[in-house]
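For reference, the structure is listed below as structure tokens.
Basis for what follows: all heavy atoms, side chains included, without hydrogens, waters or symmetry-related copies.
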Amino acid sequence: MDWSVYRTRTLNMGSALSKDHPRLKSVGASAVMQKIGIAKIPAQLKKSYESITQIVETLMKLHQFDEAPYNGYLIMLIALLRTAQVQLPATNNSAAEEAQGAARMFERDRVFGRYATNVYLASLTLTQGQVAHCIGVQPDDILFSWLKDDVAELCPNFILLVDHTQSSIVLIIRGTFSANDIITDVLCEEEAFLDGFAHKGFIDGSNRVLNKCSKAMQSAVKDNPGYQLVVCGHSMGGSVAVLITLQLLNTNPHLVLLPGVSVRCVALAPAPVYRSEMSFPKKLLEKIDIYIYGKDVVPSLSLGSVARLLAMLRKLDGLELSIAEQLRVILGKKDALAGVNQERVRLAVSEAKQDRFPYLHHIGQVTQLVKKGNSVDVRPMELNDAKEMAANIEINDTMIMDHIPTEYKEIFTKMVFK
């Protein structure tokens, strides 16, 4: 697959949504443009408009949970929410020692991050030699693979290989190609899992993968004494990887590993997958490394966070601001009335609550990756910050683009920012 084409299509999402697009009409963009006049819109708002159109398709997927019509234009409400979120202070409380530890962890996980992104192209090839070439290993290193998009099976694509340079047996799980598929996959009910609850779709996916590869995995571990088992994946593959790891660490019925076999997980951009009233032992949490690049939205997507987003939009709609008042808030005008409305918007967003769906969280050490020129800034997240991130969808220009595999592939090749 040519990822440059995939990237171009994603980048052009906004421009492809013209003012005559039916879905764009349904969120009010066409009416707003006619009412205001595109030529009269200041440059700052045009930039916001372009970024908002990138997520209109995504938001319309989420709108299925909130069918009552809005009084105002939805696209303006999204812009107000984005403005309020930009005003919130960013948190990064990691100490220097923790940041250095995260940097060492990132260096250790580089190769598995590359596997998690290379598997997309590998899954489109025909022969084991081609698969190995795309992954970056020798053909004999491929132990088992399932690379079939079989609707009847509904099993995630995966590859099991041995990496002798890393003394590792590696299970790589592929995510989905389509942004729409990602959203559909994420918005799923939960069910009982271990000592809590987890995303039902990802539980099913993890069970299917283990059913297919458990015998090959057992043989690989037996044939390579002293090797660790690393489960990795990106996007939905990362989500399934986390649940597989939790099952392996908790002695699941699919597979009994030999005593002393170390199990780890490297998950890129997974959705929140689990919640429990019980706390996990620190030693278990240290086995799961989660990486989030930039403003990637998927690590914040769950039924709970979607319901919270819609509650925020409802609160903003209830303010009944005129289009002119909304524009002055969005553009950051400094007059007295704009200041009052900015505070009303901020309070509406901060006070919005939902109790329809419980929030799922990330299990493990969450690390944020921020591009710094030709380097990457590696920032470990505090537990409370990671929980808030998982429960809050942030509207941003790059929330979709930061998720695609090529972005993660590139970031995992960069030197760590000093």
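Gly304 and Gln354 get closest at one heavy-atom pair: O-NE2, 3.4 Å. The shortest heavy-atom contact between Ile363 and Ile288 is O-CG2, 3.2 Å. Shortest non-hydrogen contact noted between Asn250 and Leu246 is ND2-O, 2.7 Å. Of all heavy-atom pairs spanning His361 and Ala390, the tightest one is CA-CB, 4.4 Å. Glu325 and Glu320 make their closest contact through OE1-O, 4.5 Å (heavy atoms, listed as atom of the first residue, atom of the second, distance). Among all heavy-atom pairs drawn from Phe144 and Ala216, the shortest one is CB-CB, 3.9 Å.
We find the NE2-CG distance between His403 and Leu268 to be 9.5 Å, quoted to the nearest 0.5 Å. We find the OG-CG distance between Ser276 and Asp195 to be 6.0 Å, quoted to the nearest 0.5 Å. Rounding to the nearest 0.5 angstrom, the gap separating the CD atom in Gln85 from the CG atom in Leu81 is 4.0 Å. Taken from CD in Glu410 to OG1 in Thr117, the straight-line distance is 11.0 Å, to the nearest 0.5 Å. Atom CD1 of Ile290 is separated from atom NE2 of His362 by 6.0 Å, given to the nearest 0.5 angstrom. Interatomic distance, Cys265 SG to Asp109 CG, rounded to the nearest 0.5 Å: 9.5 Å.
Looking at Asn392 and Arg308, their side chains come closer than 4.5 Å, going by heavy atoms from C-beta outward. Counting only heavy atoms from C-beta outward, the side chains of Ile159 and Arg174 never approach each other to under 4.5 Å. Between Leu360 and Val273, the closest side-chain pair of non-hydrogen atoms is not below 4.5 Å. Contact annotation: the side chain of Met389 approaches that of Ser300 to within less than 4.5 Å [non-hydrogen atoms, C-beta and beyond]. Counting only heavy atoms from C-beta outward, the side chains of Cys213 and Leu171 approach each other to under 4.5 Å. Two residues are said to be in side-chain contact when any heavy atoms from C-beta on lie closer than 4.5 Å; Lys212 and Arg208 fail this criterion. Side-chain atoms of Tyr227 and Ser167, non-hydrogen and from C-beta on, do get closer than 4.5 Å to each other. Counting heavy atoms from C-beta outward, Val230 and Asp163 have side chains that stay 4.5 Å or more apart.
In terms of modelled atom types and a separation under 3.5 Å, the side chain of Asn71 and the main chain of Asp317 share no donor-acceptor contact. Looking at Ser168, its side chain never comes within 3.5 Å of a backbone N or O of Val170 through a donor-acceptor pair. Judged purely by atom type and a 3.5 angstrom limit, Arg356 has no side-chain atom pairing as donor or acceptor with the backbone of Ala307. Side-chain atoms of Ser239 come within 3.5 Å of backbone N or O of Ala271 as a donor-acceptor pair. Put simply, the side chain of Gln342 gets close to the backbone of Lys333: a donor and an acceptor are under 3.5 Å apart. Listed for the Thr398 side chain is no donor-acceptor partner under 3.5 Å among the backbone atoms of Lys295. At least one donor-acceptor pair closer than 3.5 Å links the side chain of Asp335 to the backbone N or O of Ala338.
In this pair, Phe412 and Phe106 present their aromatic rings tilted. The plane angle is within the 30 to 60° band.
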#### Entry: Residue pair Val378, Thr367: steps toward the side-chain contact (heavy atoms from CB on, under 4.5 Å) verdict
CA-CA 7 Å; Val378 181; Thr367 301; 3.4 Å; yes
### Message
For Asn157 and Val119: C-alpha separation, side-chain torsions, deciding distance, then whether side-chain contact (heavy atoms from CB on, under 4.5 Å) applies.
### Response
CA-CA 9 Å; Asn157 281 209; Val119 70; 6.0 Å; no
### Query
Step by step, would you call Leu337 with Arg328 a side-chain contact (heavy atoms from CB on, under 4.5 Å)?
CA-CA 9 Å; Leu337 181 57; Arg328 298 190 75 78; over 6 Å; no
### Task
Could you give me the CA-CA distance, side-chain angles and deciding distance for Ser302 and His199, then say whether side chain to side chain donor-acceptor pair (under 3.5 Å) is met?
CA-CA 9 Å; Ser302 68; His199 183 289; over 6 Å; no
### Task
Please lay out, stage by stage, how Gln166 and Phe112 fare under the test side-chain contact (heavy atoms from CB on, under 4.5 Å).
CA-CA 10 Å; Gln166 299 293 322; Phe112 306 112; 4.2 Å; yes
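Heavy atoms of other residues, nucleotides or ligands lying less than 6.0 angstrom from CG of Asn374 number 12 at most. Sparse packing is recorded around CD of Glu277, with 12 or fewer heavy atoms of other residues, nucleotides or ligands lying under 6.0 Å away.
In summary, Arg104 and Glu107 do not engage in a salt bridge, as defined by a charged side-chain N under 4.0 Å from a carboxylate O. A salt bridge is defined here as a Lys NZ or Arg NE, NH1 or NH2 lying under 4.0 Å from an Asp or Glu carboxylate O, and Arg379 with Asp377 meets this definition.
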